[in-house]
Number of protein chains: 2
Amino acid sequence: MFKKKLKEYIDRYVLLDESDFEHFYDSLSIQKFKKKEYLLEKGKICRNYFFIAEGLVRTYDYNEKGIEKIVQFGIDNWWFTNTDSFINQTKSRLNIQAIEETTVLKISKETLDLIYKEIPKIETLFRIITEKTLIAQQRSSYFYMKEDSKTRYYHLVNKIPEFAQRVPQYMIASYLDITPEYLSELRKTSE
Amino acid sequence: MFKKKLKEYIDRYVLLDESDFEHFYDSLSIQKFKKKEYLLEKGKICRNYFFIAEGLVRTYDYNEKGIEKIVQFGIDNWWFTNTDSFINQTKSRLNIQAIEETTVLKISKETLDLIYKEIPKIETLFRIITEKTLIAQQRSSYFYMKEDSKTRYYHLVNKIPEFAQRVPQYMIASYLDITPEYLSELRKTSE
DNA sequence: AAATTCACTTAAGATACCTTAAGAACGAAT
DNA sequence: ATTCGTTCTTAAGGTATCTTAAGTGAATTT
């Protein structure tokens, strides 16, 4: 189950011997969140890095008009956190909330820093995860800067259908940076 | 000079003994770019990570209308690359070009991977650099998603005056994702 | 089962920002 | 000094997207 899922994830990036994996795994704790529960609330310090074993989460904030603005989704098999708050151990400006019932394996900053010293391959793993997160973040920023909302919507629906199916329309609109009304309009127009 | 600048940079993040620093420094090569010269051209593989010792560069592409879209600036004392192309050694979708005469210290992917094994603290350094780059990237994405163009402009001018002074208006417009004409309009309106 | 809330749609008027086109100001090249 | 290219500005009309408001059906609560 979750242990096996994590092992498979790690195997894709580094070669870790059995005892190191066991030691790393023992440093994690498991936690379940119900729909709408918070993994992290704005104003608090993000103490943990989460491996989403199962479920779906979103990172969001409110704009000056009080409207939700979703900045990121996280889905099964992703390592997920608020990087800014976690790395710097400063107050978060964003909320992380479960959209579906979600199970995570989590590790605290202090524990992770210790592990880096004990098992350098875990530091390598997280270097690679951070690189991948950065690349994904840059690709999506550049894409969303260059394309108009219609293109953004069809890209999301076609390339990442898991989201379109599991996430309500109004959240997709928020993520695409358009109003739900306008998204409704777009969907009507083409097809 | 440049060696000292790099040493100061590294000292901020990790403790490296003299011989390790020398070894790392010997793996770098120095290169000068004239105004408008390319550090990386679209379609080619980004072979190097650059430490900008002096100067100013931009990463950009053209949109479907043939108009330049700047996605990032890089300035003195930053480690800079096209992360996607560098890490995956795949063809770049973006150009990196010197805006001013620019001097860099550069290291190739293969050399860097070797160094990671020889000097684990350099791997730690680049883990931290990647974390910082990710945090900066996320902060700016989230900011630019939430704020309108006027706010984005005043934020840029007030918080990062180095750019406003060294970068021509039309490049700032491109980065802010508005037309030069509209930027001109904005500047007029509010004094 | 009725009442209430939630997610989505429709439509009309408003606004932020774009497009085009032309001119002004400045520095670089002849 | 004159010409030329580059950057910035101005203005008119156009378009993408928002705001507000009201309506519908599905889901949840009472």
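From a predicted model like this one, the values you see are computed outputs, not experimental measurements. All chains are named by letter (A, B, ...) in the order of the sequence lines, taking the proteins before the strands, and each is independently numbered beginning at 1.
Rounded to 10°, the angle separating the first-five-pair axis and the last-five-pair axis of the helix from dA1(C)-dT30(D) to dT30(C)-dA1(D) equals 40°.
Aromatic pair Tyr144(B)/Tyr142(B): centroids not less than 6.0 angstrom apart.
Between the side chains of Thr103(B) and Gln31(B), no donor-acceptor pair of N or O atoms lies under 3.5 Å. For the residue pair Ser141(A)/Ser141(B), the side-chain donor-acceptor check at 3.5 Å is satisfied. Using modelled atom types, one finds a donor on one side chain and an acceptor on the other under 3.5 Å when comparing Glu118(B) with His23(B).
Between Ile99(B) atom CD1 and dT6(D) atom P there is a gap of 16 Å when expressed in whole angstrom units. Atoms CE (Met145(A)) and P (dC17(C)) sit 15 Å apart, rounded to a whole Å. Rounded to a whole Å, the CD atom of Glu68(B) is 13 Å from the C1' atom of dT6(D). Residue Lys150(A) contributes atom NZ, which lies 13 Å from atom C1' of dT17(D) at whole-angstrom precision. Rounded to a whole Å, the CD1 atom of Ile178(B) is 16 Å from the C1' atom of dA16(D).
The Ser184(A) side chain lies nearest to dT9(C) when the options are dC18(C), dT9(C), dT17(D). Closest to the side chain of Lys188(A), out of dC17(C), dA16(D), dT10(C), is dT10(C). Taking the side chain of Glu181(A) as heavy atoms from C-beta on, and the options dT20(D), dA16(C), dT9(D), the nearest nucleotide is dT20(D).
Under 4.0 angstrom from either OP1 or OP2 of dC18(C) there lies at least one side-chain N or O belonging to Thr179(B). Side-chain N/O atoms of Ser149(B) include one lying less than 4.0 angstrom from OP1 or OP2 on dC17(C).
Residues from residues 163-175 of chain B with heavy atoms under 4.0 angstrom of DNA chain C: there are none.
By the side-chain contact (heavy atoms from CB on, under 4.5 Å) test, Asn48(B) pairs with Phe50(B), Lys106(B), Ser108(B), sequence neighbours left out.
The pair Asp11(B)-Lys4(B) does not meet the salt-bridge criterion, since no charged nitrogen lies less than 4.0 angstrom from a carboxylate oxygen. Note on Arg139(A) versus Asp84(B): salt bridge recorded, some NZ/NE/NH1/NH2 to OD/OE distance being below 4.0 Å.
The aromatic rings of Tyr49(B) and Trp79(B) sit perpendicular, their planes meeting at an angle over 60°, well past the 30° parallel limit.
Between Ile122(B) and Leu112(B), the closest heavy-atom pair is CG2-CD1, 4.3 Å.
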